[in-house]
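Note that ligands are numbered from 1 as they come in the structure, with each ligand's atoms numbered from 1 the same way.
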Amino acid sequence: MSATLIDGKAIAADVRAEVARGVAALERQPGLATILVGNDPASEVYIGMKRKQSEAVGIADLHRHLPADSTHDQVASLIGELNQDPAVSGILLQLPVPKPLNGQALTELISPDKDVDGLTPVSVGRLVRNEEGLRPCTPAGVLELLDRHNVQIEGAEAVVVGRSDLFGKPAAMMLLHRNATVTIAHSRTRDLASVTRRADILIAAVGVPGLITADHVKPGAVVIDVGMNRLESGLVGDVAHSEVKEIVSLITPVPGGVGPMTIAMLLANTLQAAR
Ligand code: NAP
């Protein structure tokens, strides 16, 4: 039997509607300061989507654009100014930044309480210690998809393929805090299929089209495909969707699965930061 598809577009729309209600209930309008340095076309598209969606839920658009030849000190000074500005609830530095700027060093300057991407060392520390804080948007979005489909996380065998700071590590940590038994697989994992076949919840965040085949999944598993690979044929994930969906119980499509959740969770984080 074919798996049920997880409709990330619909769930993201629900999250945005909830954020809009939360924003309307606040006494003071939250503001999101997106920072774009330079004119990378892909970054311009992403920033544009973030700005449009935040305005649509009632978050003030406090976008700042700096020229590509900005120095570290210029970007740092802008971040310092935004950290102090009470109208700014959240700050997002669009990555990558143009060379020779160091995106990680600049991100670290964002106040943890305004760190709506959840990427500063303090946010990472709060996540690891399971303290309240702002969580990275894509892993938070994946947890939201699982919860809204009532997937049992506690006690489940969860396998995350990929160990990036942006997704794999925080996703694994969030599943651990929800009492899953978590395995992180990566490029040096021996016999990947034997590891992923253990998973009740299998999450692929690799960047290799179709890496996860029918041979990699346990019948009835829940499969979340984070991969976004642009091929001539269009956008595809890390999961060989057509064969895997015949075996598993629940699966995300690409596009329309995890993708739409990232910005929705950014808005949720901005509301949380404002509160
Ligand atoms: P990344 O930093 O490139 O990390 C990729 C991970 O995959 C690494 O840990 C790497 O292992 C592992 N890997 C590579 N080849 C492998 C293989 N053959 N078998 C097992 N593991 C392998 O990537 P990322 O930033 O986490 O992104 C991963 C994918 O998710 C990309 O397609 C990206 O576009 C997508 N993504 C989507 C969203 C979204 O939907 N909004 C957000 C973030 C990422 P090593 O550590 O050993 O090198």
Checking heavy-atom distances from atom 26 (O) of ligand 1 to each of P170, A205, S164, G168, the winner is S164
Ligand 1 atoms nearer than 4.0 angstrom to some heavy atom of T262 are 39 (C), 41 (N)
ask   = Have T138 and T262 got a donor and an acceptor in their side chains that come within less than 3.5 Å?
value = yes
shortest atom 21 (N) of ligand 1-to-protein heavy-atom contact is with H186 C, 3.2 Å
Residue, atom and distance of the protein heavy atom nearest atom 16 (C) of ligand 1 read V206 CG1, 3.5 Å
Using a 3.5 Å cut-off on N or O atoms only, is R188 in polar contact with ligand 1? no
Could you go through residues 228-235 and list every donor-acceptor pair under 3.5 Å that involves a side-chain atom there, pairing it with any protein atom two or more places apart or in another chain?
unit_1, atom_1, unit_2, atom_2, d
N229, ND2, V236, O, 3.2
N229, ND2, G237, O, 3.0
N229, ND2, D238, OD1, 3.0

Within 4.0 Å of some non-hydrogen atom of G259, the atoms of ligand 1 are 40 (O)
In this structure, NZ of K114 is separated from CG of L82 (nearest 0.5 Å) by 7.5 Å
Closest to atom 32 (O) of ligand 1 among protein heavy atoms sits M228 N, 3.0 Å
Atoms of ligand 1 under 4.0 Å from any heavy atom of V161, numbered from 1 in the order shown, are 20 (C), 21 (N)
Run the salt-bridge test on D113 and R126 with the 4.0 Å N-O cut-off and return the result as yes or no. yes
task: Inspect the contact between R178 and D147 and indicate whether a charged nitrogen and a carboxylate oxygen are less than 4.0 angstrom apart.
output: yes
Residue, atom and distance of the protein heavy atom nearest atom 31 (C) of ligand 1 read G207 CA, 3.8 Å
among protein heavy atoms, the one nearest atom 19 (N) of ligand 1 is L211 CD2, 3.8 Å
Checklist entry - With side chains defined as the heavy atoms from C-beta onward, is the minimum distance between S249 and V222 less than 4.5 Å? => result yes
If you scan protein heavy atoms around atom 48 (O) of ligand 1, the nearest is S187 OG, 3.6 Å
Between R148 and E18, does any NZ, NE, NH1 or NH2 come within less than 4.0 Å of an OD or OE carboxylate oxygen? yes
Is the number of heavy atoms from other residues, nucleotides or ligands under 6.0 Å of K9 NZ greater than 12?
no
Under 4.0 Å from one or more heavy atoms of V226, ligand 1 contributes atoms 30 (O), 35 (C), 36 (N), 37 (C), 40 (O)
CD/E132: more than 12 non-hydrogen atoms of other groups inside 6.0 Å
no
Quick look: T189 vs ligand 1, heavy-atom contacts under 4.0 Å, and the answer is neither
Among non-hydrogen protein atoms, atom 42 (C) of ligand 1 lies closest to T138 OG1, 3.4 Å
Counting from 1 in the order shown, the ligand 1 atoms closer than 4.0 Å to a non-hydrogen atom of G162 are 6 (C), 7 (O), 9 (O)
Are any of the heavy atoms in G227 under 4.0 Å away from ligand 1? yes
Short N-O contact, D61 and K52, less than 4.0 angstrom: no
For N229, the atoms of ligand 1 under 4.0 Å from one of its heavy atoms are 32 (O)
Of all protein heavy atoms, the one nearest atom 8 (C) of ligand 1 is R163 N, 4.0 Å
Mind checking whether L127 and M265 sit in one hydrophobic cluster, side chains of I, L, V, M, F, W, Y counted as touching below 4.5 Å? yes
